[in-house]
Amino acid sequence: MSIQLSKEKIDEAILTIIANGGEGILQCVQCGACSAVCPGVRAGFPVLCRLLIKKLQEGQLEEIIEETSTWGCQACNRCTEVCPQGVRPLEVVFAFRRYQAKELAISTSSTLVQMTLYERGHAVFTDAQALRESVGLPGKAPTSAYDEKAQKEIQTLMDNSPMSELGLF
Amino acid sequence: MAKVGVYVCHCGSNIAGVIDVEAVRALAETLPDVTSAQSDLFMCSNSGQEMIKQDIQDGKVDRVVVAACTPRTHEPIFRNTCEAAGLNKYFFEMANIRDQSSWVHQHDPFGATEKAKLVVASAVGKAARLKPLEDKFVDVTKAAMVIGGGVAGIFSALELANLGYKTYLVEKEPSIGGIMAMLDKTFPTNDCSACILTPLMVDVGNHPNIELMTYSEVIDVDGYIGNFKVKVKKKQSYVDWNRCTGCAACSEVCPGRTSDVFNQGMSQRSATYIHFPQAVPKKAVIDMDACISCSGRRVGTAPTIDHKTGFPILAPCENACPSGAINLSINYDPFGEVVEVAVGTIIAATGYKVMEKDAFKEMAPSSPNVITALQLERIISATGPTGGQLLRPSDNTRPKTINFLSCMGSRDVRHHTYCSRICCMYMVKQARLIKEKYPDINIFIHFIDVRTAGKGYDEYYTGARRMGIHILKGKVGGIQKVGDETLRVLAYDMESQENIEIESDLVVLATAIELPESTKTLAQTLGLQFDGSGFFRELHPKLGPVETSTQGIFLAGCCQGPKDIPDTVSQAKAAAAAAAIPLAQGHVRIAPTISEIHPEKCSGCGICVPLCPYFAITLKTWGDRPRAEIDITQCKGCGVCTATCPSGAIVLHGFEEEQIMAQIEALTR
Ligand SMILES: Cc1cc2nc3c(=O)[nH]c(=O)nc-3n(C[C@H](O)[C@H](O)[C@H](O)COP(=O)(O)OP(=O)(O)OC[C@H]3O[C@@H](n4cnc5c(N)ncnc54)[C@H](O)[C@@H]3O)c2cc1C
Ligand code: SF4
Ligand code: SF4
Ligand code: SF4
Ligand code: SF4
């Protein structure tokens, strides 16, 4: 597969990222230091920091709209720390994520998380009742996970937030 | 009545691309005093210059205005044209319609053309009132000084000395050699650094025309091109160099210890030491900061007399010296011995320093197994701390995996934005040298991109790949310490778009080259400027690469910017040639466009004296009262005094009142 480079597409991608807060995108010289330290890349999300910037600089905004790598960013900001050109790659990642969210192209890896949050008040939930009891702790931890009233409160909050517009819950 | 010729240049499309040249020429024709107005594609070309000469020889014009690029590069050319046609060359005036019109008003061709017309009119107004001036000449001192004794200074000095000029070579360390003396082998031919440098150092030491002043520093420079007076401080060494034979008996007995700078802190040396085994001159010095007064006697005091033997009790170093060269009774003198030498020209060749690893926090600088490339150079050098054995610092074992990290502090907005130019090549060199000797060591080099553009360099780099050295595209982001000894390099491989982690026993940082803090004071003493990267600024990046804006002071080597040995040597020879010109000519020309005081009008108020930025004015008693006088060798023609003199006693030749007024009139008509 080859990609077609065009000025219009490149401009659109760059301006979209800048408008969403990724001002440093044009400063990147593709050295790769950011990706070298990125825990997301290490975990197997390749299109983060350097490669994301590369693709956007080539105008591949729509082509990668379904890319799930960006949702692997842990916001640790190490990329910003090591970038020799002052790009602040995290901001580019987040700018692209904002664009994805606005276009409702949200990865399942993150929709699941939000649905769990809506239902149980935890983004990530594992039922540990048996394990807790085996070490002599009360099975149900005192959190929203086992408290319907707290769950209702969280759902009310989320229903009234912009997140509800995503139509996930 | 003056007859002014106006010549408007297209400068290819530089001017004509924006400005309506014909409109400017037509306007010129209508100006008072103008007797010829022409244009040409390139006025500086032969045909353009012939046009001017023809008009002069035909008697058509006797004042010349060229409307063109810039006087910075082209004024001398057109002055010579006038002179060749028999006209006084100061009857020439340049109208800068490129820098001042076509370049700055690119997007407004009409406005640019109108402005160019004004600029030309103003030049014509001035030209019509120009007066003939004659160049002045002063004799020069036929000797030169080279500051800094690295490979740049060595070549500059040898070149000048071979041309027959007395040359002073000033070096702050006890020996010449600079950083090249610390290197193991040198790319791209892998010849041993010491083997090619030492004979040259010896030549310097023996040359009848070179006076070697090591362990010395320049503290003051006075004067001007052709006649500089330089004060040099010889640091106090406590060793009489006339007697010292370089046997090193003193350093063998000295118990004082300090970090060995020559070995990049990888070993210790004694307080009394010889810089390195091949030092030139091979003389010992005592480093007073490291001397522990081991004999119990304070330095600068006489030794106590042993009541049994009746002999003085000397320090071990004094005792050990077979030629009695050491005397610790001399008082410490922070000023050292100051000598003054007279020279005609000066070359600054003060070199560079490499950044220390401490600046790179993410690269685990606290680990002894993270080292700078210059430290590695000492480790693999036969004269280094391990006798040339490749051993890692933490436990003196041979590393199995080595990672080289490029661009540490170079091409990085947090440190230096420039490329240090030599690291790509020396990393490849060091990797090759290690691979040749120990083929089982696994070597990785991490690059943003490889820069090997010199003669024979790319072949050298390709050779490294063929030897099985792994070259990875991608800047290393950080290093983690795994236990005490091992390091984990967090790298990225751009080709496979994947992160890689490499366990490594030794990591080498290619740290950036920069101007050492200490040479910044020297720059002030010499009146030098810095460029955007912090190195000494040359006169012109392309056309004046060894000259500086201070006439008579030249640059060679890494103090002007990062460069390898081939480039350093080329520049050193070029600087020597440039520095020899005034010496060969025997006199220097002084432009007559400088200020002159008319003593009969001077009231002796002295206001001009402190205002002159070049200290050119003094008050002298003439007959009954004080009057100002300008030293023509110091005056730069800035005009500050002219503008301030309340008696109107100062004339700036070439910028006289009548001339300036005519310009203002033309511009405000
Ligand atoms: C790790 C490493 C490996 C390298 N390997 C190679 C290689 O293989 N091949 C190659 O071509 N290049 C190599 N280089 C580059 C090489 O070192 C330089 O090109 C060369 O040394 C530049 O010489 P220089 O005379 O300009 O500077 P320097 O060697 O720095 O000499 C400057 C001299 O001036 C003296 N000085 C400084 N200030 C003053 C002062 N105020 N008064 C008096 N004296 C003063 C200093 O003491 C020093 O002796 C390497 C560099 C490094 C860091
Ligand atoms: S902030 Fe995000 S993109 Fe940057 S290094 Fe951390 S995880 Fe990677
Ligand atoms: S570290 Fe900075 S310059 Fe290098 S690839 Fe990442 S964003 Fe680009
Ligand atoms: S020479 Fe190579 S390693 Fe050194 S700064 Fe330039 S690119 Fe980076
Ligand atoms: S013209 Fe400038 S440099 Fe010359 S004497 Fe006057 S103030 Fe000094």
Side-chain angles (χ1 to χ4, degrees), chain A residues 1-3 22-58 60 63-64 67-70 72-93 96, chain B residues 355 359-365 403-420 423-424 444-451 471-481 487-504 507 509-512:
Chain A
M1 201 197 78
S2 64
I3 49 156
E23 278 88 6
I25 182 163
L26 285 174
Q27 265 149 266
C28 173
V29 296
Q30 291 291 311
C31 71
C34 53
S35 292
V37 293
C38 174
V41 176
R42 197 174 321 169
F45 297 103
V47 193
L48 270 178
C49 347
R50 182 231 141 220
L51 189 55
L52 176 67
I53 295 175
K54 175 82 188 157
K55 287 179 182 280
L56 292 169
Q57 284 184 339
E58 286 170 354
Q60 303 186 51
E63 286 84 342
I64 59 167
E67 178 62 54
T68 52
S69 288
T70 43
C73 171
Q74 301 299 301
C76 66
N77 231 346
R78 286 203 70 189
C79 50
T80 302
E81 234 169 85
V82 300
C83 172
Q85 302 299 324
V87 172
R88 308 180 71 84
L90 164 134
E91 290 178 4
V92 178
V93 173
F96 184 69
Chain B
M355 280 180 80
F360 309 100
K361 295 285 173 266
E362 67 277 24
M363 299 303 164
N403 277 271
F404 287 89
L405 276 48
S406 70
C407 295
M408 286 298 128
S410 313
R411 310 171 70 195
D412 186 330
V413 293
R414 295 164 299 176
H415 304 284
H416 302 299
T417 52
Y418 53 82
C419 167
S420 291
C423 349
C424 283
F444 299 91
I445 316 185
H446 304 267
F447 286 111
I448 297 184
D449 36 40
V450 178
R451 303 191 161 183
I471 290 170
L472 293 161
K473 188 163 158 62
K475 188 173 181 189
V476 168
I479 296 175
Q480 291 173 341
K481 281 211 270 184
L487 300 154
R488 183 185 292 141
V489 176
L490 304 181
Y492 180 72
D493 175 19
M494 220 172 272
E495 271 101 358
S496 68
Q497 307 184 348
E498 249 157 337
N499 275 42
I500 37 182
E501 288 175 14
I502 311 170
E503 305 273 302
S504 189
V507 169
L509 307 180
T511 58

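To find a chain, count down the sequence lines: A is the first, B the second, and so on, and within it residues start at 1. Hydrogens, waters and symmetry mates play no part in the numbers below; they use all other heavy atoms, side chains included.
- Here Leu472(B) pairs with Phe444(B), His446(B), Asp493(B), Ile500(B), Ile502(B) under the side-chain contact (heavy atoms from CB on, under 4.5 Å) rule; sequence neighbours left out.
- Of all non-hydrogen atoms in Val476(B) and Ala33(A), the two that sit nearest each other are O-CB, 4.2 Å.
- Counting heavy-atom pairs closer than 4.5 Å to chain A, the top-ranked of the candidates Ala491(B), Gly478(B), Gly409(B) is Ala491(B).
- Minimum heavy-atom separation, Gly32(A) to Met494(B): N-CE, 3.8 Å.
- A pairwise comparison of heavy atoms in Arg414(B) and Val82(A) identifies NH2-O, 3.0 Å as the closest pair.
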Show me the donor-acceptor pairs within less than 3.5 Å that the side chains of residues 34-47 of chain A make with the rest of the protein, sequence neighbours left out.
{"from": "Ser35(A)", "atom 1": "OG", "to": "Arg50(A)", "atom 2": "N", "distance (Å)": "3.4"}
{"from": "Arg42(A)", "atom 1": "NE", "to": "Glu501(B)", "atom 2": "OE2", "distance (Å)": "3.3"}
{"from": "Arg42(A)", "atom 1": "NH1", "to": "Glu501(B)", "atom 2": "OE2", "distance (Å)": "3.3"}

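- Heavy-atom distances place the backbone of Glu81(A), and not its side chain, under 4.5 Å from chain B.
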